[in-house]
Amino acid sequence: MITVLGSINMDLVTSTDKDPDWGETVIGSQFHTNFGGKGANQAVAAAKLGAKVQMIGAVGNDAFGQDYLEHLKQYGIKTEHIQTIQNERTGVAAITLHNEENKIIVVPGANAHVTPEVVEKHKEAIQQSEWLLLQLEIPAESVNKAIEIAHATGTKVILNPAPFQPIPQTWIEKLTYLTPNESEANQLLKQYSGNKFNLQDKLIITKGEKGVTFYQNEQENHIPAPKVKAVDTTGAGDTFNGALTTALAEGTTLKEACEFASKAAAISVTKLGAQTGMPAREEL
Ligand code: RIB
């Protein structure tokens with residue numbers, strides 16, 4: 001079983017040929033409401049690839065929240081550890097797509113209610129899982145709590161440090177892998193420059209169309225990304241993380257898991273929306 005602890009957002013996506021300046025109005029080309037949030041995206045990516053997944057998180061008591069719970073259930077994701085917060089909205093992400101790139105503003109809403117107490121309440125879910133997958137769109141104290149619970153019971157932990165914030169050394173010691181993108185990796189390495197303990201062998205750095213770099217026994221390894229025509233890169237990192245965890249949970253080597261996840265992420269960018277392009281197992 002894989003437990004994903006993290007954010008659940010509805011993505012409000014506007015495509016535009018012109019990125020407006022502050023104070024300027026432009027006419028966009030398309031608008032979509034998509035299921036998103038780094039946590040839920042990673043859960044869906046893993047479930048689509050055949051993993052057994054449960055999610056810990058929160059939605060608001062609004063239409064987005066109810067739709068989202070139904071959506072997750074359709075993929076067989078266990079939702080009983082997702083709380084519905086009264087008088088709160090489901091998290092939203094305002095996304096602008098322009099020239100195959102995105103800008104994202106997340107308003108956490110119910111995600112901010114995923115407190116350490118909530119994590120404690122659902123700790124058995126973490127303890128009974130082989131893998132715990134985390135990101136940084138819920139409060140940092142809750143991520144800390146989950147890492148401690150997982151570490152105490154031997155549950156392996158992958159942290160996708162997005163959106164980036166400094167990562168405490170006490171976390172790094174307990175993590176199995178860290179999966180930053182290039183800019184997050186640069187910030188992380190800056191934070192730990194000169195530090196003796198081995199951060200490198202835990203790093204799996206996603207580099208978009210350039211592929212993925214991972215380290216084993218202090219050796220750098222690189223896997224190039226398959227060539228695809230990108231339509232929307234939103235959620236590519238999430239697809240990578242969900243697929244990586246799925247493969248590792250099946251007992252593959254790290255190299256095989258990175259290859260599998262790289263392919264899944266490449267396919268995911270060929271369709272609009274964070275989750276729409278995530279491949280099913282047969283497609284991969
Ligand atoms: O990683 C992509 C996700 O980031 C989007 O789905 C959006 O909700 C934000 O959380």
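Indexing begins at 1, ligand by ligand and atom by atom, following the structure's order.
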Check if S7 has a non-hydrogen atom at a distance under 4.0 Å from any atom of ligand 1.
no

Is it the case that the side chain of D21 and the backbone of E24 share a donor-acceptor pair, with hydrogens and angles ignored and the cut-off at 3.5 Å?
no

message = Is the shortest side-chain heavy-atom distance between T33 and V13 below 4.5 Å?
response = no

For A93, the ligand 1 atoms with a heavy-atom partner under 4.0 Å come out as 7 (C), 8 (O)

G36 heavy atoms within 4.0 Å reach ligand 1 at atoms 6 (O), 8 (O)

Would L69 and V59 count as a side chain to side chain contact (heavy atoms under 4.5 Å, CB included) here? Give the steps. CA-CA 8 Å; L69 291 178; V59 293; 4.2 Å; yes

Can you hop from V4 to I77 via hydrophobic side chains spaced under 4.5 Å?
yes

With a 4.0 Å cut-off on N to O distance, would you call K210 and E182 a salt bridge?
yes

Is there a nitrogen or oxygen of I95 sitting under 3.5 Å from a nitrogen or oxygen of ligand 1? no

What about T234: any of its N or O atoms under 3.5 Å from an N or O on ligand 1? no

Of all protein heavy atoms, the one nearest atom 3 (C) of ligand 1 is N41 ND2, 3.7 Å

For D238, the atoms of ligand 1 under 4.0 Å from one of its heavy atoms are 1 (O), 2 (C), 3 (C)

For N9, the atoms of ligand 1 under 4.0 Å from one of its heavy atoms are 8 (O), 9 (C), 10 (O)

Notebook entry, point to check: Are E70 and K73 within salt-bridge range, i.e. N to O under 4.0 Å?
Noted result: yes

Per-atom filter on ligand 1: closer than 4.0 angstrom to a heavy atom of E137 are 4 (O), 9 (C), 10 (O)

Parallel, tilted or perpendicular for H71 and F35, by the 30°/60° rule? parallel

Relative to each other, are the rings of W131 and Y177 parallel, tilted or perpendicular (30° and 60° limits)?
parallel

With heavy atoms and a 4.0 Å threshold, my read on which part of N34 contacts ligand 1 is neither

Looking only at protein heavy atoms, what sits closest to atom 4 (O) of ligand 1 is K38 NZ, 3.2 Å

among protein heavy atoms, the one nearest atom 7 (C) of ligand 1 is D11 OD1, 3.3 Å

